[in-house]
Amino acid sequence: MQPVNIKPKLEEHHKEYYGWALHCCSRDAEMARDVLQSSYLKMLVKQTTFRGEAALKTWAFVIIKNTAIDALRKKQREVKRIQSENHIVDTGYETGAEDIHDKKLRKLFFTEALNQLSERQREILQLVFYHDLSLNQSAEILSISQGAIRKHYDRAKKALADWFEKKGIAAFK
């Protein structure tokens, strides 16, 4: 097989790649932009090794996830180093509060719903519903078996349905 020119596909799916990077970076927009930039560079350098055997989107998501993991580890090391050097205790406060009250409430509601799930289940839902990937593609990205991903997916749907039912929202039964 001939090497594939990936640049047009990177541009075409940029919003999805950014959304995945944002998820992988714990919603830190600045870090997500840096991770995505680094991921694009890695993809462009490695594009001659991409032969099209796997879906480009799957290949890209794996690179983005691995780059984000590296960035998060690096950030954690830097924070610990700075805190230990300066004897600073992490206060855990948030910055950049939402301007619109309703938007904040909706976000809190859905965050609470998603917090009923494990991290693995949240990742799977992110890939399937926000990035239109199949369960098989998601399993490949997350390096888990197809049987395991189906279990996590089914459990996530059931947990959300139960949670919405407890909140009195019948549409999610």
Side-chain angles (χ1 to χ4, degrees), residues 3-79 90 92-144 146 148-149 152-153 156-157 159-160:
V4 177
N5 179 9
I6 65 167
K7 191 171 184 233
K9 291 292 185 183
L10 294 181
E11 293 169 357
E12 180 182 336
H13 296 289
H14 174 72
K15 286 182 181 179
E16 287 186 77
Y17 295 151
Y18 176 71
W20 179 239
L22 196 58
H23 170 78
C24 292
C25 294
S26 304
R27 313 304 297 169
D28 182 330
E30 184 178 341
M31 180 184 279
R33 286 189 295 273
D34 291 342
V35 161
L36 192 57
Q37 191 73 2
S38 296
S39 298
Y40 283 166
L41 288 172
K42 289 176 184 179
M43 287 179 227
L44 290 170
V45 167
K46 295 178 181 182
Q47 76 178 334
T48 57
T49 63
F50 180 74
R51 303 270 184 227
E53 294 160 0
L56 176 66
K57 197 172 180 181
T58 303
W59 181 71
F61 273 51
V62 169
I63 291 173
I64 293 166
K65 181 175 176 59
N66 290 338
T67 304
I69 288 169
D70 293 343
L72 287 167
R73 286 179 182 154
K74 181 179 178 184
K75 183 178 179 180
Q76 287 173 343
R77 285 191 306 267
E78 289 174 0
V79 167
D90 184 9
Y93 63 88
E94 293 217 9
T95 60
E98 294 288 336
D99 294 333
I100 302 168
H101 183 67
D102 289 344
K103 185 175 180 181
K104 187 174 183 179
L105 287 177
R106 277 193 308 274
K107 183 178 178 181
L108 288 171
F109 178 78
F110 284 106
T111 299
E112 184 181 343
L114 291 173
N115 282 339
Q116 306 305 305
L117 308 176
S118 69
E119 176 62 24
R120 177 68 73 195
Q121 291 169 341
R122 286 192 300 270
E123 285 179 327
I124 291 167
L125 293 182
Q126 171 90 19
L127 291 169
V128 170
F129 290 106
Y130 288 103
H131 301 292
D132 293 325
L133 293 171
S134 69
L135 288 176
N136 293 341
Q137 291 169 318
S138 300
E140 189 176 334
I141 290 167
L142 299 173
S143 300
I144 60 176
Q146 292 178 6
I149 201 159
H152 286 295
Y153 180 71
K157 289 192 313 184
L160 285 176

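In what follows, every heavy atom counts, from backbone to side chain, and hydrogens, waters and symmetry copies are set aside.
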So do the side chains of Leu56 and Met43 get within less than 4.5 Å of each other, counting heavy atoms only? no
Could you tell me whether the side chain of Gln116 and the main chain of Glu112 form a donor-acceptor pair under 3.5 Å? yes
Which distance, rounded to the nearest 0.5 Å, do you find between the NE2 of His152 and the CD1 of Ile124? 5.5 Å
Check ion pair Asp28-Lys75 (N to O, under 4.0 angstrom): yes
Has Lys9 got more than 12 heavy atoms of other residues, nucleotides or ligands less than 6.0 Å from its NZ? no
Between Ile64 and Ser39 the two heavy atoms that sit nearest each other are CA-OG, 3.4 Å
Does any N or O in the side chain of Gln121 come within less than 3.5 Å of the main-chain N or O of Ser118, such that one atom is a donor and the other an acceptor? yes
Are Asp70 and Lys74 side-chain neighbours, meaning at least one heavy-atom pair lies under 4.5 Å? no
In this structure, OG1 of Thr67 is separated from CG of Leu72 (nearest 0.5 Å) by 11.0 Å
Heavy-atom distance under 4.5 Å between the side chains of Leu10 and Leu44, does that happen here? yes
Provide the closest heavy-atom pair for Val128 versus Ser138 in the form atom of the first, atom of the second, distance. CG2-OG, 3.8 Å
Could you tell me which non-hydrogen atom of Cys25 sits nearest to which non-hydrogen atom of Val35, and how far apart they are? SG-CG2, 3.6 Å
With heavy-atom distances below 4.5 Å as the criterion, would you say the side chains of Trp59 and Lys46 are in contact? yes
Are the side chains of Leu160 and Leu125 in contact, using a 4.5 Å heavy-atom criterion? yes
With no hydrogens and no angle check, is any side-chain donor or acceptor of Arg122 less than 3.5 Å from a backbone partner on Leu117? yes
Trp20 side chain near Ile141 side chain, heavy-atom distance below 4.5 Å: yes
In the structure I gave you, are the side-chain heavy atoms of Leu135 and Leu127 within less than 4.5 Å of one another anywhere? no
In terms of side-chain geometry, is the basic nitrogen of Glu30 or Arg33 positioned less than 4.0 Å from the acidic oxygen of its partner? no
Test log, rule side chain to side chain contact (heavy atoms under 4.5 Å, CB included), inputs Lys65 and Leu142: CA-CA 9 Å; Lys65 181 175 176 59; Leu142 299 173; 3.9 Å; yes
Would you find more than 12 non-hydrogen atoms of other residues, nucleotides or ligands less than 6.0 Å from Gln37 atom CD? no
Describe, in one word, how the ring planes of Tyr153 and Phe129 are oriented to each other, choosing from parallel (under 30°), tilted (30 to 60°) and perpendicular (over 60°). parallel
Side-chain donor or acceptor of Glu16 paired with backbone N/O of His13 under 3.5 Å: no
To the nearest 0.5 angstrom, please state how far the CZ atom of Phe61 sits from the CG atom of Asn66. 13.5 Å
Going by heavy atoms in the side chains, are Lys57 and Gln137 under 4.5 Å from each other? no
Under a 3.5 Å cutoff, is there a donor and acceptor pairing between the side chains of His131 and Gln126? yes
Would you kindly say whether Tyr40 and His14 are connected by a side-chain donor-acceptor distance under 3.5 Å? yes
